[in-house]
Amino acid sequence: DGREVASPLRWTADAGQHGPCHENPDRQLVGSFNWHARLRPDHPRPNAGKYEAPLSVGNRANFPSAAMDAIRAKGGMLGLTEGEKKALCSCQAGVPCIGLAGVWSWQKKREKDDKGKGRGERLLIDDLDQIDWVGRAVPIIFDTDPRRNPSVAQAKAELIRVLSERDAQPVDVVLPTGPADGDGIRRLAAARIRLIRAGHRL
């Protein structure tokens, strides 16, 4: 129902155009739900991304139930990844993990200078700030290759710095490249090979 979809998003308009949605509810550190959720609609808005978040609400972290013991414990390994579903997958693989809405969503909103760039200290959002990071191994598992995306590389480097200042032990996890059909660079390389074989020069 479009009204049911609009409610967690804080929309006044009907959201029926989204169709059915998968809801990813967020928890507080004590384990209870905090009434914040992101939705993944069957029919996302054009150019709006895969997920919809509540209007006028800051970034929140997603604490999977399978990671709650590790989150509350002291010194245990605790990963950070982009997306709730990836965090769930990591937990199923035996690595307790927190889901972030995006690679920069670990930090509080910063003021902008006259050129529109953020300025000031980078601070952890409240959900992450309340965690005891001392002595923890923290695998940072972003799925976009930072060598091809400078913004992802910067986000990861800044997160590593901030966590290191909390006496954590962040680990930069570089995922292996996926199958050729799922990787644009490989598809481009394959296209170049085909054209070269056809007698063209690029």
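Computed from a predicted model, the values in this text were never measured in an experiment.
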(message) Measuring only between side-chain heavy atoms, which start at C-beta, is Leu128 closer than 4.5 Å to Leu100?
(response) yes
(request) Could you tell me whether the side chain of Ser90 and the main chain of Ala87 form a donor-acceptor pair under 3.5 Å? (result) no
(request) Measure from the side-chain N and O atoms of Arg136 to the backbone N and O of Asp132, and report whether any donor-acceptor pair falls under 3.5 Å. (result) yes
(message) Would a single hydrophobic cluster contain both Leu163 and Ile125, if residues Ile, Leu, Val, Met, Phe, Trp and Tyr are joined by side-chain heavy-atom contacts under 4.5 Å?
(response) yes
(message) A side-chain contact here means heavy atoms from C-beta on lying under 4.5 Å apart; do Lys85 and Arg40 qualify?
(response) yes
(request) List the atom of Ser151, the atom of Trp104, and the distance in Å for their closest heavy-atom pair. (result) OG-NE1, 3.1 Å
(message) Holding to side-chain contact (heavy atoms from CB on, under 4.5 Å), I want the full list of residues that pass it with Pro44, two or more places apart in sequence or in another chain.
(response) Pro41
(message) Do the side chains of Asp126 and Lys108 get close enough for a salt bridge, i.e. N-O under 4.0 angstrom?
(response) yes
(request) Indicate the atoms forming the closest heavy-atom contact of Phe63 with Asp127, along with that distance. (result) CZ-O, 3.5 Å
(request) Determine, stepwise, if the pair Cys21 / His18 fulfils side chain to side chain contact (heavy atoms under 4.5 Å, CB included). (result) CA-CA 7 Å; Cys21 298; His18 282 323; 3.9 Å; yes
(message) With rounding to the nearest 0.5 angstrom, report the OG1 to NZ distance, Thr81 to Lys86.
(response) 6.0 Å
(request) Evaluate the side chain to side chain contact (heavy atoms under 4.5 Å, CB included) criterion for residues Leu80 and Leu159: first the C-alpha distance (whole Å), next the side-chain angles of each, then the deciding distance (0.1 Å), finally the verdict. (result) CA-CA 10 Å; Leu80 290 168; Leu159 178 54; 4.0 Å; yes
(message) Could you list the cluster mates of Val95? Members are the ILVMFWY residues connected by side-chain heavy atoms closer than 4.5 Å, either directly or through other members.
(response) Met77
(request) Determine, for Glu52 against Arg45, whether the closest basic-nitrogen to carboxylate-oxygen distance falls under 4.0 angstrom. (result) yes
(message) Just verifying a value: how many Å separate Arg122 CZ and Glu165 CD, rounded to the nearest 0.5 Å?
(response) 11.5 Å
(request) Please test Leu124 against Arg166 for side chain to side chain contact (heavy atoms under 4.5 Å, CB included), starting from the C-alpha separation and ending with a verdict. (result) CA-CA 11 Å; Leu124 293 175; Arg166 298 291 190 96; 3.8 Å; yes
(request) Please report the shortest heavy-atom distance between Pro96 and Cys91, naming the atom on each side. (result) CA-SG, 4.1 Å
(request) Quick one: pull up CZ in Arg38 and NZ in Lys50 and give me the separation to the nearest 0.5 Å. (result) 11.0 Å
(request) Over all heavy atoms of both residues, which pair between Lys156 and Asp172 is shortest? Give the atoms and the distance, please. (result) NZ-OD1, 2.7 Å
(message) Less than 4.5 Å apart, side chain to side chain, heavy atoms only: is that true for Ile131 and Ile71?
(response) yes
(request) Mind listing the closest non-hydrogen atom pair of Phe142 and Glu82 along with its distance? (result) CD2-N, 4.1 Å
(message) Minimum heavy-atom separation for Trp133 and Ile98, please, with both atom names.
(response) CH2-CD1, 4.5 Å
(message) Test side chain to side chain contact (heavy atoms under 4.5 Å, CB included) on Val173 and Ile140; report intermediate values, then the result.
(response) CA-CA 6 Å; Val173 177; Ile140 300 175; over 6 Å; no
(message) Any non-hydrogen side-chain atom of Gln154 less than 4.5 Å from a side-chain atom of Val103?
(response) no
